[in-house]
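This one's a predicted model, so the numbers in the text were calculated from it and none came from an experiment. In what follows, residues are counted from 1 in the order of the sequence shown.
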Amino acid sequence: MEMPALDEASLSAIWLTLKLASITTVLLLLLGTPIAWWLARTRSRLKGPIGAVVALPLVLPPSVLGFYLLVAMGPNGPVGQLTQTLGLGVLPFTFAGLVVGSVFYSMPFVVQPLQNAFEAIGERPLEAAMTLRAGPLDTFFSVVLPLARPGFVTASILGFAHTVGEFGVVLMIGGNIPEKTRVLSVQIYDHVEALEYAQAHWLAGGMLVFSFLVLLVLYASPLRQGWRG
């Protein structure tokens, strides 16, 4: 079967998906690192509830999460009213809305690997840093981050790949606006609806190969093997 040329809509969807996944991954690392560190170190009674909230997207249907985010960010929702007061308008059906939804939906895929990595460090390196009079920030950046590097690699790969594969959340929040919110998974859906199976095959096959390579890199990574060992 001869490969059909990717049309402009498909190329735009691929670019938008990569852009969304990159921005989401960076934001998740910035937001997820302190959350994971707190979950790994705290003895608070809130650890269980907060951990459950972070992990909720693992079991919650994407359409349900997308619906409540849509309500919250809509013109009558608390987030929507805040963004309107700030002069930002409303987030649904915008790229910024996709980013917010993606951050929530992919949160556990970043926080949990980081939390596991932080917990695996143990107390001895931290105690050794304290004996050398290292401050909390110095200890975190000089000791914790290098030791937790495998966790950051895993979190980055999973966060990026999971965002690329989103469908339900992005469709609920972003709709299907060409060059603005139509990501790759939605583009495949459009091709199927239009009975354009050849285009759908190549895009879906590309995502299948991408997903396999992501998992291959993840499970064959020397960093991961060293962490587990």
Side-chain angles (χ1 to χ4, degrees), residues 17-44 46-60 62 65 99-166 169 184-185 206-229:
T17 301
L18 295 176
K19 179 182 175 182
L20 174 64
S22 300
I23 294 174
T24 299
T25 302
V26 171
L27 291 176
L28 280 172
L29 289 174
L30 293 175
L31 297 173
T33 297
I35 295 174
W37 178 248
W38 183 83
L39 289 172
R41 301 291 299 171
T42 187
R43 295 181 180 179
S44 170
L46 295 177
K47 177 178 180 178
I50 292 178
V53 170
V54 170
L56 201 57
L58 293 174
V59 297
L60 196 66
L65 178 61
V99 172
V100 173
S102 299
V103 166
F104 276 100
Y105 188 50
S106 296
M107 180 73 73
F109 293 87
V110 171
V111 171
Q112 290 187 352
L114 293 178
Q115 181 182 347
N116 292 337
F118 291 150
E119 291 174 346
I121 293 175
E123 296 292 335
R124 288 188 178 181
L126 303 181
E127 293 173 352
M130 290 177 62
T131 60
L132 297 175
R133 297 183 179 179
L137 287 179
D138 188 21
T139 299
F140 186 81
F141 286 102
S142 301
V143 179
V144 175
L145 288 187
L147 292 176
R149 186 171 59 171
F152 279 92
V153 172
T154 301
S156 300
I157 293 174
L158 289 180
F160 186 91
H162 189 255
T163 303
V164 168
E166 289 180 39
V169 170
L184 185 55
S185 57
M207 290 194 70
L208 179 62
V209 172
F210 169 77
S211 300
F212 173 77
L213 292 177
V214 164
L215 293 176
L216 181 62
V217 169
L218 180 62
Y219 284 101
S221 171
L223 285 173
R224 177 183 172 89
Q225 293 172 359
W227 176 31
R228 293 177 63 181

### Message
Looking at every non-hydrogen atom in both residues, tell me the closest pair between V214 and A161 and how far apart they are.
### Response
CG1-CB, 3.7 Å
### Message
For a quick test of reading the model, state the closest non-hydrogen atom pair linking K47 to L39 and the distance between them.
### Response
CE-O, 2.8 Å
## Note on the structure
dist S106:OG -> L28:CG (nearest 0.5 Å) comes out at 6.0 Å
### Separation of T25 OG1 from L30 CG (nearest 0.5 Å)
11.0 Å
### Message
Return the CG to OG1 distance between L31 and T24, rounded to the nearest 0.5 Å.
### Response
10.5 Å
#### Entry: Residue pairs passing the side-chain hydrogen bond (donor to acceptor under 3.5 Å, both in side chains) test where at least one lies in residues 30-44, sequence neighbours excluded
R41-E123
### Query
Distance from F212 atom CZ to L208 atom CG, nearest 0.5 Å?
9.0 Å
### Message
Can you give me the closest heavy-atom contact between A40 and E119, atom names plus distance?
### Response
CB-CG, 3.6 Å
### Query
Counting only N and O atoms by type, is there a donor-acceptor contact under 3.5 Å from the side chain of T17 to the main-chain atoms of L184?
yes
### Message
Counting neighbours of CZ on F104 that are heavy atoms of other residues, nucleotides or ligands and sit closer than 6.0 Å, is the number greater than 12?
### Response
no
### Message
Could you check whether S185 and E166, counting side-chain N and O atoms only, form a donor-acceptor pair closer than 3.5 Å?
### Response
no
### Query
Looking at CG of L27 and OG of S22, how far apart are the two atoms once the value is rounded to the nearest 0.5 Å?
11.0 Å
### Message
Can you confirm whether Y105 sits close enough to L58 that some side-chain heavy atom of one is under 4.5 Å from a side-chain heavy atom of the other?
### Response
no
### Query
Between V54 and I35, which heavy-atom pair has the shortest distance, and what is it?
CG2-CG2, 4.2 Å
### Task
On the 0 to 90° scale, with breaks at 30° and 60°, tag the F152-F118 ring pair as parallel, tilted or perpendicular.
perpendicular
### Task
Could you point out which residue of L20, V169, L158 forms a side chain to side chain contact (heavy atoms under 4.5 Å, CB included) with T163?
L20
### Task
Could you tell me which non-hydrogen atom of G159 sits nearest to which non-hydrogen atom of V110, and how far apart they are?
CA-CG2, 3.8 Å
### Query
If you look at every heavy atom in G32 and V111, which pair is closest and at what distance?
CA-CG2, 3.9 Å
